[in-house]
Amino acid sequence: MKTKKKMKNSIRHISERRILFLTFLLLLSCYGCETDDEQTVAMFTTNLVLAEEFDTDGIPNAEVWGYDIGTGPNGDGWGNQELQYYTDRTDNVTVQNGVLLITAKEEPFEGASYTSARLLTKDLFEQRYGRFEARIRLPFGQGIWPAFWMLGADIDENPWPAAGEIDIMEYRGQEPTKILGSVHGPGYSAGAAISKEFNLENDRFDTGFHIFGIEWGPEFVNFYVDDMLYNQITPEDVTGPWVFDKPFFILINVAVGGTFVGAPNEETVFPQTMLIDYVRVYENTNTN
Amino acid sequence: MKNNTYKHLQFILFMSLGITVFYSCERGFSDDVQFATFSNTGDIFTDGPIGLGSDFYFPFMGSKATAASFTDENGFESEVAIRIDVPNADDPEGSFAGAILRIDGSGRDLTGFDALTFYAKASQGVVIGEIGFGQDFLENRFQVTRTNLSLSTQWTKYIIPIPDPSRLIEERGMLWYSAGTDDTDGLGYSFFLDEIRFEKLGTIAQPSPAILNGVDAEQTGFVNIPLELSGLTQTFNTASGENITVIATPAYFDFESTDIEVARVSELGIVSVVGLGQATITGSIGNVAAAGSLALDVTGSFDFAPIPPPRDPDDVISIFSDAYANVPVDFFNGFFTDGFQTTEGGAPPIDVNGDAIINYTMLNFVGIGTFEEVPSIDATEMTTLHIDIKVNENIDPGDFITIELLNSVGTNETSGSVTFNASTFITDEWVGLDIPLDDFGLADRSQIGLLFFISDATISDIFVDNIYYFR
């Protein structure tokens, strides 16, 4: 199954490569000195079902994006001792020049020392399986904790970790060349999550856009950075029941501090902004 | 159908290429122009020096010239490393180790790199004072310094970021270092360097340059009195998340003045004051604005104290004057830590275009000392104490400055003073005081150890110049 899929991908690659090359040259010749910001990533045969391109300035599309506000239901920094207060103010979340900006600021607000934003598609967009990807330029600095991730859509009835969590990208601002892709479920959550680190060679995540994606199907989640598949997690890898066979929703946020990253220090520069060029979701016509 | 598409694409492609060639983004140079290109080798030392030529090692004056050697005992993943034996502070051949490695021949094109890297370790945990590149004993135009590099006894990779690689089209200064024994009680140690090279790490990012150490300074400027910009640094965030700051020469910066009819900055970071008005100086490296600025308010020319008349050296004991040979002093501001002194300035005196002047600010009292490490002053044969003072603020009727002399500080100490009231001084003008020494009422003035200025904060900002005893 695995081998077959890979074969298929590589055949597609070859046929696409020539077009890509021509497209690239074309772009190069047309735009001369501008950098080429088109990136294409390997994918299985799918339909594009969600394309949030952030082309309209202002508030993100309200039909897709809702917000978590505050410091979490128990006021404990969303269970992680995070230091920010999430708002939906344009100071913290807005669309400008074709990108969604999530900005963590250092400011006293409702008893917190930082503000930021967390967007989620709960009850607005939920899907089982497919390709989920976002093109993002990450912020940097000690204590900055951005993430592009998913939670099981039944979380209200089936509390975490039983609902399941897929972290497509998690990043520590103090480790600007590394991201983590993980799954959490019953018996393998928080520190015991099934996780793998990806280290970008000779580059870093806060200086340019990169695509963070998963390809998710029955009994597998494949983790990508740009066109690099760096991990596959299957039921054999998890130390508990496999809970990734139901709809999930998407979250994007920038946390400040918390157990995963530690607090910011005097060298951390604020504000810090995560730039999201797009969020796209494909469904796999063969598996959905 | 598909083939047709390709052909179409190719046609457009070639058209576009043609357009690119002829109408590229910027005005091109004619074909006759040939840029000289220099070696873009990054390696400096691996199993031996690489491409440095034969005569590349130049020790600093006063350093131990034989401090550096090659060793085959301690290489990092290689046969040979550089060993530097920092001498004891009392070594007659030199009290520290320091040298430059300069290419014997034309320089290298370093524009494709973002950092100098090397592995280092030491015979004990120790902090190396300065290490960097770009020092060539010529103009040192693109010198970079990383200070206080902490070495352990294990091989560790160190990074010295290039403030702006695009400037380094031909660089000969590949490495320099200076290491002493200030932190080791004067006792020598060894350290080792290996795998020294310029690299494109790709992870040197988030530049945050600074001038004046990031401070927004406001200052009075004077026409024709140039100022030198200091505190020039560049900071990068590295892959480990660590911020690394290096000292960068002005040539890495672009400077700007808000009014070049008032002040302008040279490539050497020298601010020339050319007219009256206000101007703010800012800097940038590679289009990234530097933190810090210098706001100048230029209201006129600098008013120097009158130059004292020539005198026979036997008739003068000069404490502070550019006109005479000065005797040594311990300090121009004792910073007495009794909790009462507020006075700043004098440490060191300010340099106004080569003329030294003491500027005391927040003055309540301050002493010039000649009793600790230097001989006390024997003014027995002298008759008069001269001091030029300019008060840089409004003078109120109750203001005063008292001059006090202490003889034989600490043992059988005696003192005497003379007070000048507000009517003696004129705001923003130099006033010359010639005080008969007899007025101090000292029975003995053969061991004068302290000269005090006391205002009790009535007058807080003064310039002082030409302090001398004469007869």
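Just so it is clear: chains get the letters A, B, ... in the order the sequence lines come, proteins before strands, and each one is counted from 1.
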Interface residue of largest heavy-atom contact number with chain A, from B:Gly202, B:Ser240, B:Gly241, under 4.5 Å: B:Gly202

Donor-acceptor contacts, no H, no angles, side chain residues 242-252 of chain B, under 3.5 Å, sequence neighbours left out:
unit_1, atom_1, unit_2, atom_2, d
B:Asn243, OD1, B:Asn237, ND2, 2.8
B:Asn243, ND2, A:Glu267, OE1, 3.2
B:Thr245, OG1, B:Thr235, OG1, 2.7
B:Thr249, OG1, B:Arg141, O, 2.5
B:Thr249, OG1, B:Gln143, N, 3.3
B:Thr249, OG1, B:Gln143, O, 3.4
B:Tyr252, OH, B:Phe142, O, 2.8

Those residues of residues 203-215 of chain B, ordered by number, that approach chain A below 4.5 Å (heavy atom to heavy atom): B:Thr203, B:Ala205, B:Gln206

A:Asn265, CG atom: more than 12 neighbouring heavy atoms under 6.0 Å: yes

Exceeds 12 heavy-atom contacts within 6.0 angstrom, atom CD of A:Glu197: yes

Contacting moiety of A:Asn199, where chain B heavy atoms sit under 4.5 Å: neither

Residue pair A:Pro176 / B:Ala239: nearest heavy atoms and the distance that separates them: CD-O, 3.2 Å

